[in-house]
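Quick caveat, the model's predicted, so the values are computed rather than measured. Here is the naming used below: chain letters follow the sequence lines, and residue numbers restart at 1 for every chain.
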Amino acid sequence: MARTAPEALEREKHRKADGLRELPGDTSQVVLRFAPNPNGPLTLGHSRGVVINSEYAKMYDGKVVLRFDDTDTRVKPPLPDAYGWIEDEYEWLAGRPADVIVRASERMPIYLEHAEQMITEGFGYVCRCSADEFRGFREDKQNCPCRGRSVTESLSDWKSMNDGKMQDGEGVVRVKTDMTLPNPALRDWPALRIQHTPHPLAGDRYKVWPLLDFQSAIEDHEQGVTHIVRGKDLMDSTRKQTLLYEHFRWEYPEPLYWGRVKVHEFGSFSTSGMRTTIESGSHEGWGDLRLPTLKALRRRGFSAQALRDFWIDLGLSQKDISISMQTIEAFNSSLIDSSVERRSFVASPITLELRGANEQRVNVPRHPNGTIPGSREWELTGSILIQASDAGQRKVRLKEFADIETSGDVATIESFDRSDERPIIHWIPTGIARKAELVTPAGEGLVTQTGVLEDFELVVGETYQLERVGFARLEELSKDGLAKLVWLHG
RNA sequence: GCUCGUGUAGUGUAGUUCGGUCCAUCAUGACGGACUCUCGAUCCGUCGACCCGGGUUCAAAUCCCGGCACGAGCACCA
């Protein structure tokens, strides 16, 4: 070892470490959590959370809690279908289901109990100031009048809130911290508010709903979460929740943060924003090829492992980053290229009569490097199809077959062996050409290329590399014979 | 305004804890070449960075001070 590669023994820090950095704190029984809002399916952004959490769980033989933070019924109302989608998408990406699945909306009694305990023990109170009024107190570092009221008065208001006697905005439960704290965000922060809007799943049973910081804090403790990986925009959440944990005399989990991610090709995207474009009809649905949803990425044929490799390679940095789909595509290509069969797709085909063929059959490799053994067998009939864009050239080589010379709509074979440097084009014998269309995102729109696909052992759901075109996934073989392909990447 | 965080090649990233082994890692990208019956894959090469200014030190990407830039929170959203 020292003899063959002496330099490998030194320069430890000179090499890029692979895998995720070690987790801080006690790692003997790691419990992590991934907590999306089920107001839509998972996006590329969410996939970072799934990958990082599930990867850490794998590293430490720990668990991941998949928690649906669905306590807002008004601004970001949950989408009932999204729960199932997300569970499924989590499993696809992580390679196994989440260890525990929790819906906040089903855990309301626990949150309400803790809120009541908070009021009873005096570290929480019902505040009846308007949001505006309280903002003033917060800025001036003044206690609001509600803060000094007795526990009995607060409890009576708490009851009214829950009984539906107070309307939205008329009262809020606050956690007592300190109004003179230097960070304004932490001053007596709101923990629960009134929402009369019914919850899609829980109905109108509850009038008081916890806010994220409270619900998340209580549930993390209930689940024994040891490490929280979250966006750095939630740093103040950590600080708020730490103050709450002190009141309850609980120990706060180890927090880790990542920065914001933007993808060049998609810009900034939000689930609620996409929901709007879908409802308005400018996108076809959550699986629209142009959308950065996991549904769309899966539909196109991205490999879950490629997404995992990509996020693990990025690791956890608090820098705000802007990445390119090209990088993700590079991870995907290197993963699938050797295991994906080739097929010929001829767009805008023109028919040529073939002369000089003395063979009946052509064998084309399933994979040029032989990583998939065997060949595709093509029956030769009297004519072939080539791409209109290739038809301008007189002398071309039909890939894996013969050099030809074209004249009008006749192609004459000149040689079966490669005789010169003429361009190589892809082609299909008419007999095995199946009508096909390839849908590709193009800027704001979608472009459908019509053509023919080589009809050899086509399997719906498979990803193929279309020779000289790129990767695409076969989505459907209709009864009328049409093959529908969706674009993956080049 | 207050509070918090981040600044390494075009894009990401390693190294920053405990200063030297860093004329700074790796990937992606761009460019050039080799090979190949795909515009794919593979191989080789080239390009390109420590935000700025001081300080400490024999020695600073790494420590200290001061700037600057960018981002986030201060929602009865998550």
Side-chain angles (χ1 to χ4, degrees), chain A residues 10-18 21 35-39 68-78 104 127 129-132 134-135 138-139 141 168-174 181-187 189-195 208-213 215-216 230-240 257 259-261 264 270-272 309-310 313-315 317-324 326-331 333-334 337-338 340 342 344 364-365 367-369 371 397-403 417-418 421-426 465-471 490:
Chain A
E10 44 200 48
R11 298 196 167 195
E12 262 310 309
K13 61 198 262 199
H14 218 148
R15 274 197 303 266
K16 174 162 179 175
D18 50 333
R21 194 176 280 125
N37 180 339
N39 61 341
F68 293 103
D69 283 347
D70 57 349
T71 59
D72 176 65
T73 62
R74 214 181 74 243
V75 184
K76 295 180 178 173
C127 172
C129 301
S130 71
D132 266 350
F134 192 83
R135 185 174 305 121
R138 180 170 49 226
E139 281 165 9
K141 302 187 179 178
D168 287 25
E170 287 181 357
V172 57
V173 178
R174 294 188 179 283
L181 250 21
N183 186 343
L186 311 184
R187 297 173 194 157
W189 54 273
L192 301 98
R193 80 317 208 171
I194 302 168
Q195 287 186 141
V208 180
W209 287 84
L211 286 147
L212 171 81
D213 289 321
Q215 176 270 125
S216 167
R230 54 165 48 139
K232 69 171 183 179
D233 52 315
L234 261 30
M235 277 182 164
D236 282 346
S237 261
T238 299
R239 299 182 184 105
K240 289 185 208 172
Y257 305 96
R260 262 192 108 66
V261 181
H264 297 323
S270 70
T271 305
S272 26
D309 289 352
F310 170 74
D313 184 69
L314 283 202
S317 95
Q318 292 189 24
K319 252 164 84 175
D320 296 319
I321 56 172
S322 188
I323 51 149
S324 163
Q326 271 190 40
T327 309
I328 300 178
E329 289 167 3
F331 274 91
S333 293
S334 66
D337 183 79
S338 62
V340 158
R342 270 53 177 172
S344 191
V364 187
H367 190 287
N369 301 354
T371 51
R397 178 168 180 81
L398 301 178
K399 189 166 156 42
E400 303 287 351
F401 181 49
D403 290 351
D417 290 325
R418 183 125 207 233
E421 292 295 295
R422 67 183 72 191
I424 295 163
I425 65 167
H426 60 298
Q465 194 202 71
L466 307 177
E467 283 166 334
R468 292 178 69 217
V469 178
F471 294 97

| Interatomic distance, A:Asn39 CG vs B:A78 C1' [rounded to whole Å] | 8 Å
| query | If you look at every strand shown and take non-hydrogen atoms under 4.0 Å, does A:Ser333 touch a base, only sugar-phosphate, or nothing? | reply | nothing
| request: Classify the nucleic acid contact of A:Ile321 as base, sugar-phosphate or nothing, counting any heavy atom under 4.0 Å across all strands shown. | output: sugar-phosphate
Short heteroatom pairs, N/O only, protein and nucleotides 4-10 of chain B, under 3.5 Å:
| from | atom 1 | to | atom 2 | distance (Å) |
| --- | --- | --- | --- | --- |
| B:C4 | O3' | A:Arg239 | NH2 | 3.4 |
| B:C4 | O2' | A:Arg239 | NH1 | 3.4 |
| B:C4 | O2' | A:Arg239 | NH2 | 2.7 |
| B:G5 | O3' | A:Gln318 | OE1 | 3.2 |
| B:G5 | O2' | A:Gln318 | OE1 | 3.1 |
| B:U8 | OP2 | A:Lys319 | NZ | 2.5 |

| Is RNA chain B part of any stem, that is, at least 3 consecutive Watson-Crick or G-U pairs with both distances under 3.5 Å, and where? | B:1-7 with B:68-74, B:10-12 with B:26-28, B:29-34 with B:42-47, B:51-55 with B:63-67
| request: Run the numbers on A:Arg468 and A:Ile424 for side-chain contact (heavy atoms from CB on, under 4.5 Å), then give the verdict. | output: CA-CA 10 Å; A:Arg468 292 178 69 217; A:Ile424 295 163; 5.7 Å; no
| request: Mark yes or no for whether A:Arg193, through its side chain, and A:Pro210, through its backbone, hold a donor-acceptor pair below 3.5 Å. | output: yes
| said: Less than 4.0 angstrom from a charged side-chain N to a carboxylate O is my criterion; do A:Arg239 and A:Asp213 meet it? | reply: no
| query | For the pair made of CG in A:Asn369 and P in B:A41, what is the distance, rounded to whole Å? | reply | 10 Å
| task | Compare the minimum distances between each of B:U11, B:A78, B:G40 and the side chain of A:Ser322, then state the nucleotide with the smallest one. | result | B:U11
| query | With nearest nucleotides of RNA chain B determined for A:Pro190 and A:Ala330 from heavy-atom distances, which residue corresponds to the more 5′ nucleotide? | reply | A:Ala330
| Atom CD1 of A:Ile328 to atom P of B:G29: distance rounded to whole Å? | 13 Å
| request: Considering just the side-chain nitrogens and oxygens of A:Arg193, establish if one lies under 4.0 Å of OP1 or OP2 belonging to B:C77. | output: yes
| query | Distance between the C1' atoms of B:G7 and B:G67, in whole angstroms? | reply | 14 Å
| request: Search all heavy atoms of A:Leu211 against all heavy atoms of A:Pro190 and return the closest pair with its distance. | output: CD1-O, 3.7 Å
| request: Compute whether any side-chain donor of one residue and acceptor of the other, for A:Thr238 and A:Arg230, lie under 3.5 angstrom apart. | output: yes
| field | Where A:Ala104 and A:Asp69 come nearest, the two heavy atoms and their spacing | value | CB-CA, 4.4 Å
| message | Using atom C1' in both nucleotides, what's the gap between B:C68 and B:G53 to the nearest angstrom? | response | 10 Å
| request: Take the protein atom CZ of A:Arg230 and the nucleotide atom P of B:A72, then report the distance between them rounded to whole Å. | output: 18 Å
| request: Please check if the side chain of A:Ser344 supplies one atom and the backbone of A:His426 the other of a donor-acceptor pair under 3.5 Å. | output: no
| message | Checking the side chain of A:Gln195 only, and the main-chain atoms of A:Thr73 only, is there a donor and an acceptor separated by less than 3.5 Å? | response | yes
| query | Across the strands shown, which category fits A:Leu234 at heavy-atom distances under 4.0 angstrom: base, sugar-phosphate, nothing? | reply | base
| request: Mark yes or no for a side-chain to base donor-acceptor pair under 3.5 Å between A:Asp233 and B:G71, with no hydrogen or angle criteria applied. | output: no
| remark: In whole angstroms, the gap separating C1' of B:C76 from CD of A:Gln215 amounts to 16 Å
| field | A:Gln195 CD to B:C77 P, straight-line distance once rounded to whole Å | value | 6 Å
Pull out every protein N or O sitting under 3.5 Å from an N or O of nucleotides 36-38 of chain B, one pair per line with the distance.
| from | atom 1 | to | atom 2 | distance (Å) |
| --- | --- | --- | --- | --- |
| B:C37 | O2' | A:Lys399 | NZ | 3.0 |
| B:C37 | O2' | A:Glu400 | OE2 | 3.3 |
| B:C37 | O2 | A:Arg397 | NE | 3.1 |
| B:C37 | O2 | A:Glu400 | N | 2.6 |
| B:C37 | N3 | A:Arg397 | NE | 3.0 |
| B:C37 | N3 | A:Arg397 | NH2 | 2.6 |
| B:C37 | N4 | A:Arg397 | NH2 | 2.6 |
| B:U38 | O2 | A:Arg468 | N | 2.8 |
| B:U38 | N3 | A:Gln465 | OE1 | 2.6 |
| B:U38 | O4 | A:Arg342 | NE | 2.8 |
| B:U38 | O4 | A:Arg342 | NH2 | 2.9 |
| B:U38 | O4 | A:Gln465 | OE1 | 3.2 |

| request: Could you check A:Arg74 against A:Asp168 for side-chain contact (heavy atoms from CB on, under 4.5 Å), going step by step and ending with a plain yes or no? | output: CA-CA 11 Å; A:Arg74 214 181 74 243; A:Asp168 287 25; 4.3 Å; yes
| message | Check this one for me: any side-chain N or O of A:Ser130 less than 4.0 Å away from OP1 or OP2 of B:C76? | response | no
| task | Can you tell me, in whole Å, how much space there is between the P of B:A41 and that of B:A61? | result | 38 Å
| task | Name the residue closer to the 5' end of RNA chain B, choosing between A:Asp213 and A:Pro184 according to the nucleotide with the nearest heavy atom. | result | A:Pro184
| query | Is the phosphate of B:G15, meaning OP1 or OP2, less than 4.0 Å from a side-chain N or O of A:Arg21? | reply | yes
| Any Lys/Arg nitrogen of A:Arg422 or A:Asp403 sitting under 4.0 Å from an Asp/Glu carboxylate oxygen of the other? | yes
| task | Under 4.0 Å between any heavy atoms, over every strand shown, what does A:Ser334 touch: base, sugar-phosphate, or nothing? Just pick one. | result | nothing
| task | May I ask you to decide if A:Arg260's main-chain N or O and A:Asp320's side chain share a donor-acceptor pair within less than 3.5 Å? | result | yes
| task | In whole angstrom, give the distance that lies between atom CZ of A:Arg174 and atom C1' of B:C74. | result | 12 Å
| said: Using atom C1' in both nucleotides, what's the gap between B:U28 and B:U6 to the nearest angstrom? | reply: 23 Å
| At their closest point, which heavy atom of A:Ala185 faces which heavy atom of A:Asp236, and how far apart are they? | CB-OD2, 3.7 Å
| B:A24 to B:A9 separation - P atoms, rounded to the nearest Å | 14 Å
| message | Would the distance check show the side chain of A:Ser333 and the main-chain N or O of A:Ala330 forming a donor-acceptor pair, the cut-off being under 3.5 Å? | response | no
| How is A:Gly259 classified with respect to the nucleic acid when contacts are heavy atoms under 4.0 Å: base, sugar-phosphate, or nothing? | nothing
| Rounded to the Å, how far apart are A:Trp189 CH2 and B:C77 C1'? | 15 Å
